[in-house]
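Down below is the structure, laid out as structure tokens.
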Amino acid sequence: YILVLVLLILCLLLVGFLLTRRANRKLSQQKEQIEEQACSLQKAYDNLELLSQIGQDITANLSVSKIINIVYSNVNSLMDAAVFGIGIYNKATGQLEFPGVKENGEDLGHLFFDPATERTLATLCFNQRQEIFISDFEQEWQHYLNQYPEKPHAGSRHAASLIYVPILLKNEVKGVITVQSFQRQAFNPYHLNLVRNIAVYTKIALENASAYQQIRSQSERLAQANNNISEQKNLIEIKNEELVVLNEEKNHLISILAHDLRNPLAIAISLTDFVKMHPENLREEQVEGLNITHRSLNRMNNMIAKILDVRAIESKKINITTDAVQLQTLVAQAVENFEPNASAKNITLELEAGTQEICPAEVDRNYTLQVIENLVSNAIKFSPAKSTIKVVIQELPECVQVQVTDQGPGIPGHDFEKLFKKYQKLTAKPTAGESSTGLGLSIVKKFTEAMNGRVWCESRQGEGATFVLQFQKAGVLVS
């Protein structure tokens with residue numbers, strides 16, 4: 001019994017030892033598997049870190065050759081990338097261009113493929129927008145190519161394992177990216193996914209490069225436009241300085257001529273007035289000639305006065321003294337002054353001033369009288385015989401308004417923009433052949449605005465014209 005018991009104990013110990021050794025072996029295998037998984041996880045993490053860094057470096061560069069160098073210098077840490085290249089499609093040439101293909105650290109130079117005529121793995125990937133994954137080129141080439149290539153497109157020999165991935169930008173193929181190895185079965189789906197990620201980063205880099213190129217082109221165009229504008233500005237400034245000098249010389253010359261002409265004109269007008277006082281000493285044709293001479297001298301004198309007015313306006317030497325002025329008196333005076341001119345053309349001048357006293361306006365008496373007389377004179381000049389010119393003065397809530405309305409030919413639309421400008425000839429012509437300097441309305445506008453007033457015209461062609469003046473009200477009545 002003792003021997004049997006001893007044997008039984010020994011058997012139990014042996015079984016325990018064997019079970020323990022098996023458990024230890026299993027634990028050791030599990031430990032190795034865990035360590036392998038940990039290494040794989042660490043490697044995957046390191047690869048992701050490296051891929052992220054590659055992505056940052058790629059997207060920060062705007063040159064394809066730099067992108068190739070950056071990727072190639074790092075991609076061999078991720079896989080066996082003995083050959084690496086990026087091909088970009090050139091629309092101008094219709095070529096798929098590889099600006100730099102790397103093989104075992106050497107630059108193989110530029111490669112060109114024609115997607116329209118050549119059938120290669122690169123053009124197949126580009127044209128069909130499909131990924132190509134080959135583990136053994138010698139066994140799989142016939143799935144992609146019509147015939148075995150006699151020699152490699154780059155380098156000294158064919159690669160055994162190849163990956164091609166299209167670069168898509170806004171649903172358009174911009175190129176391809178390839179990673180190749182001389183070892184069979186060098187790549188797996190994990191490596192294909194890495195190349196896909198590199199293609200995505202490359203796409204972003206190409207977008208950045210395209211945007212940068214557009215911005216650079218726009219910047220160059222803007223810089224050129226700015227230079228042109230600066231040159232034009234300098235030229236305009238030079239021309240303006242020249243024009244200022246010429247304008248000053250012109251004004252000085254006009255001033256001299258006008259003042260020198262006014263004295264002999266005044267003498268001539270006085271002489272004709274004196275002779276007209278004794279018409280009994282003249283024959284009928286002499287009286288008529290004297291009247292024509294007198295009118296011509298007065299017309300010339302008025303023209304000189306207007307030229308001097310324009311010069312004063314342009315040189316900002318208008319001596320305006322505003323006061324509270326009763327416009328009813330001025331309007332009546334202007335109408336009375338031009339009654340003979342209107343009667344000579346069989347034109348009726350009507351004044352509507354109302355019976356109630358109108359609030360005075362804050363104006364310069366002399367300049368306002370000249371403004372009203374210019375408008376009445378213009379109305380007579382462009383009105384036909386047997387027509388009526390109506391001058392209306394009225395008080396509005398915010399101002400005192402004067403209207404001069406005629407029954408002339410009216411003003412067509414295209415004449416309005418030049419109506420108050422200097423030396424402008426309008427479509428309508430004086431009805432009795434009167435002369436026109438083209439200065440009257442420009443003086444009206446300048447004088448009116450200098451007194452803080454407003455002037456405008458309301459007219460339709462064939463329906464006469466109404467010129468409207470508005471002046472600010474004053475608080476004190478001046479007799």
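Only this structure's heavy atoms are used, side chains among them; waters, hydrogens and symmetry mates stay out.
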Inset, instruction - Find the distance between NE2 (His110) and CD (Glu97) and round it off to the nearest 0.5 Å. - result: 7.0 Å
Legend entry - No-hydrogen, no-angle side-chain donor-acceptor test under 3.5 Å, Asn227 and Glu231: no
Legend entry - Nearest-0.5 Å distance that lies between atom CZ in Phe338 and atom CD in Gln333: 11.0 Å
Legend entry - Heavy-atom pair with the smallest gap, counting every atom of Leu96 and Thr123: CD2-N, 4.4 Å
Inset, instruction - Mind checking the NZ-NZ spacing from Lys381 to Lys345? Nearest 0.5 Å is all I need. - result: 9.0 Å
Legend entry - salt bridge (Lys or Arg N to Asp or Glu O under 4.0 Å) pairs, two or more places apart, involving residues 396-405: none
Legend entry - Test side chain to side chain donor-acceptor pair (under 3.5 Å) applied to Asn337 - qualifying residues, sequence neighbours left out: Glu373
Inset, instruction - Search all heavy atoms of Glu131 against all heavy atoms of Pro166 and return the closest pair with its distance. - result: CG-CD, 4.0 Å
Inset, instruction - To the nearest 0.5 Å, tell me how far Asn374 CG sits from Ile443 CD1. - result: 6.0 Å
Legend entry - Shortest non-hydrogen contact between Glu395 and Glu357, atoms and distance: OE1-O, 4.3 Å
Inset, instruction - For Phe126, enumerate each residue passing the ring-ring contact (aromatic ring centres under 6.0 Å, His included) test, keeping only those at least two apart in sequence or located in another chain. - result: Tyr89
Inset, instruction - Answer whether the closest heavy-atom distance between the side chains of Glu336 and Val331 falls below 4.5 Å. - result: no
Inset, instruction - Give, for atom CG of Leu441 and atom CG of Leu375, the distance between the pair rounded to the nearest 0.5 Å. - result: 7.0 Å
Legend entry - Residues, nucleotides or ligands: over 12 heavy atoms within 6.0 Å of Arg460 CZ: no
Legend entry - Side-chain heavy-atom pair Asp406, Ile347 within 4.5 angstrom cut-off: no
Inset, instruction - Return yes when atom CD of Gln356 has more than 12 non-hydrogen atoms of other residues, nucleotides or ligands closer than 6.0 Å, and no otherwise. - result: no
Legend entry - Gap between atom CG of Leu469 and atom OG1 of Thr448 - 0.5 Å precision: 5.0 Å
Inset, instruction - Evaluate the ring planes of Phe420 and Phe467, with Trp represented by its six-membered ring, and classify them as parallel (under 30°), tilted (30 to 60°) or perpendicular (over 60°). - result: perpendicular
Inset, instruction - Kindly determine whether Tyr164 and Gln180 satisfy side-chain contact (heavy atoms from CB on, under 4.5 Å), including the steps that lead there. - result: CA-CA 9 Å; Tyr164 281 88; Gln180 303 176 17; 3.1 Å; yes
Inset, instruction - Compare all side-chain heavy atoms of Val468 with those of Val455 and state whether any distance is below 4.5 angstrom. - result: no
Inset, instruction - Identify, with sequence neighbours excluded, every residue that meets side chain to side chain contact (heavy atoms under 4.5 Å, CB included) alongside Asn452. - result: Gln472
Inset, instruction - Check side chain to side chain donor-acceptor pair (under 3.5 Å) between Gln394 and all other residues, then give those that pass, not counting sequence neighbours. - result: Gln403
Inset, instruction - Take Glu172 and Lys91, measure what salt bridge (charged side-chain N to carboxylate O under 4.0 Å, His left out) needs, and give me the verdict at the end. - result: CA-CA 12 Å; Glu172 183 180 357; Lys91 285 186 177 180; 3.2 Å; yes
Legend entry - Exercise: identify the closest heavy-atom pair between Gly410 and Ala428: O-CB, 4.2 Å
Legend entry - Sub-4.5 Å side-chain heavy-atom contact between Cys125 and Val176: yes
Legend entry - Greater than 12 external heavy atoms within 6.0 Å of Lys390's NZ: no
Legend entry - Qualifying residues under side chain to side chain donor-acceptor pair (under 3.5 Å), relative to Lys386, sequence neighbours excluded: none
Inset, instruction - Verify whether one side chain among Glu350 and Thr348 offers a donor that lies under 3.5 Å from an acceptor in the other. - result: no
Inset, instruction - Please tell me if the side chains of Arg365 and Asp323 come closer than 4.5 Å, counting only heavy atoms from C-beta onward. - result: no
Inset, instruction - Assess Lys102 against Phe84: is NZ or CZ under 6.0 Å from the centre of the six-membered ring, and within 45 degrees of the ring's axis? - result: no
Inset, instruction - Decide yes or no for Ile389 and Val404: does some side-chain heavy atom of the first lie under 4.5 Å from some side-chain heavy atom of the second? - result: yes
